[in-house]
Amino acid sequence: MKYLKLYEQFRLILEADEKKDNTILYNLSQGGEKTLILLPGSGKDGGQGKDDFQLLADTLGKDFSVYSADFENAFDVRAYAKSIANEINNNDDIKQCAVGGFSIGGAIAWHLANALKGSKKFNNQLFFIDSGIPNSTEEFAEGIVKGNTPRIATAQPLNIFIKNRNGGSDITPEEQKQILNFYSAAELMAFKKRDDVKDNYMEYMDSVFPPSTEQIEKDSKGNNPWIIEDKYDKTNFETRYSVKPKEINGKSFEEGDVINNRKFVEKDTLAKKGLGRETTPGGDILPKLNGVEVISLFAGNKEGKPKSKDEIESSRKEAAGSTSGKSNLIVISGTEHGDITKSENLATNIKSNFKY
């Protein structure tokens with residue numbers, strides 16, 4: 001009997017460990033009375049909650065317990081949301097929570113809010129972080145392609161250009177800020193007239209590709225000129241553009257960016273079954289969330305420029321159309337899509353709008 005009891009205890013421990021290993025949510029911070037469930041955006045290797053939200057969790061401070069999750073590039077969004085909802089309802093440490101998501105994670109969080117309908121643990125708040133919920137996944141995917149204007153040219157100091165050619169692993173955040181993007185001939189012309197640029201740039205446009213690094217360094221005569229280019233450099237292509245499709249090798253940014261964006265939505269966005277609100281292709285859409293307050297936290301800039309009034313209004317309408325409850329759009333000034341989750345201003349607005 002003694003050995004049977006020990007065996008039973010061991011079995012229960014193993015089952016508990018197995019159950020723990022199969023859970024989706026994990027803590028980024030704990031101990032706070034305000035609980036927030038945040039779902040990440042999507043990248044090369046799927047969604048990584050810690051990468052997107054660890055700094056935000058730290059900035060929110062001791063009043064918040066923050067949970068996040070990971071996901072692969074291809075999965076069933078609505079089944080995933082239901083599994084998380086079940087975890088929330090069965091987790092004794094979660095008394096009451098709000099949910100939210102960044103980028104594509106906002107759409108997943110909308111389905112999570114829908115799955116939590118009627119749960120006493122849900123405080124009926126949804127935070128879109130530069131995000132929203134599309135009516136149609138296919139329309140959303142096409143919008144990604146159309147909404148990302150192809151670059152005309154890029155410019156970066158020679159020392160950073162060389163780091164990029166070598167894969168960019170040692171580029172510092174400060175150096176990253178020096179990498180500029182241009183979207184029109186007029187903007188490029190204005191850039192060349194800048195005091196810190198004129199008479200100190202080397203241009204490789206049209207059919208002219210940047211030569212070897214050694215040749216550029218020789219031609220630069222010991223200076224650190226800006227390198228202006230308008231195409232995907234063939235030199236060291238697989239290292240510099242390791243996450244890009246091979247079809248763009250040697251193409252102009254204007255042509256290659258469209259190919260790259262289409263490849264991304266095929267492998268990522270369209271691989272997420274049930275991401276949008278459609279019930280059937282071309283058919284009805286899921287109803288609005290019932291009484292859920294939606295707070296849309298919107299990055300103020302895009303590629304170094306303030307977003308247009310039309311972009312802001314479109315996001316405002318998307319938030320309002322996703323719920324029968326209140327909705328509010330807050331522009332997080334000075335942020336872009338890629339850095340909004342690292343913004344202290346974002347944390348401040350979550351704190352001030354969190355309902356507890």
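The structure displayed is predicted, hence computed values, not measured ones.
For the residue pair Asn345 / Asn349, a side-chain donor-acceptor distance below 3.5 Å is found, with atom types taken as modelled. Neither side chain, Thr341 nor Asp52, offers a donor N or O lying under 3.5 Å from an acceptor on the other. A side-chain N or O of Asp268 and one of Ser42 form a donor-acceptor pair less than 3.5 Å apart.
Remark: Asp170 CG is packed, more than 12 non-hydrogen atoms of other residues, nucleotides or ligands lying under 6.0 Å away. The number of heavy atoms from other shown groups lying within 6.0 Å of CD (Gln215) is above 12. Enclosure of atom CD in Glu313 by more than 12 non-hydrogen atoms of other residues, nucleotides or ligands within 6.0 angstrom is indicated. Other residues, nucleotides and ligands contribute at most 12 non-hydrogen atoms within 6.0 Å of the NZ atom of Lys82. When the shell of 6.0 Å around CD of Glu254 is examined, it contains 12 or fewer heavy atoms from other residues, nucleotides or ligands. For Glu217, the CD atom is densely surrounded, since the number of other residues' heavy atoms within 6.0 Å is greater than 12. The environment of CD in Glu311 is crowded: more than 12 heavy-atom neighbours from other residues, nucleotides or ligands sit within 6.0 Å. By the 6.0 Å contact criterion, NZ on Lys351 is enclosed, its count of non-hydrogen atoms from other residues, nucleotides or ligands being greater than 12.
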Would you give me the side-chain donor-acceptor pairs under 3.5 Å for residues 31-41, sequence neighbours excluded?
unit_1: Glu33; atom_1: OE1; unit_2: Tyr356; atom_2: OH; d: 3.3

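One N or O on the side chain of Asn236 and one on the backbone of Arg165 form a donor-acceptor pair closer than 3.5 Å. Remark: side-chain polar atoms of Arg151 are not paired, donor with acceptor, to backbone N or O of Phe253 under 3.5 angstrom. Side-chain N or O atoms of Lys95 include one that pairs as donor or acceptor with a backbone N or O of Asp92 at under 3.5 Å. Remark: the backbone N or O of Val292 is paired with a side-chain donor or acceptor of Thr323 at under 3.5 angstrom. Checking side-chain atoms of Gln54 against main-chain N and O of Lys50 turns up no donor-acceptor pair under 3.5 Å. Looking at Lys326, its side chain never comes within 3.5 Å of a backbone N or O of Ala320 through a donor-acceptor pair. The closest donor-acceptor contact from the side chain of Asn91 to the backbone of Glu87 lies at 3.5 Å or more, if one exists at all. Side-chain N or O atoms of Asn260 include none that pairs as donor or acceptor with a backbone N or O of Gly256 at under 3.5 Å. Judged by distance alone, with hydrogens and angles left aside, the side-chain atoms of Thr137 form a donor-acceptor pair with the main-chain N or O of Gly276 at under 3.5 Å.
Each of Leu346, Thr348, Asn353 was checked for a side chain to side chain contact (heavy atoms under 4.5 Å, CB included) with Ile350, and the lone residue meeting it is Leu346.
Ring pair Phe102/His337: centre-to-centre distance below 6.0 Å. Taking the centre of each ring, Phe161 and Trp226 stay at or above the 6.0 Å mark. Between Phe209 and Tyr204, the gap from one ring centroid to the other reaches at least 6.0 Å.
Phe122 is not listed as a side-chain neighbour of Ile88, based on a closest heavy-atom distance of 4.5 Å or more.
Under the side-chain contact (heavy atoms from CB on, under 4.5 Å) criterion, Asn27 pairs with Gln30, Tyr67, not counting sequence neighbours.
With rounding to the nearest 0.5 Å, the separation of CD in Glu142 from OG1 in Thr269 is 11.0 Å.
Phe298 carries Lys307 over the face of its six-membered ring, with the cationic atom under 6.0 Å from the centre and within 45° of the normal.
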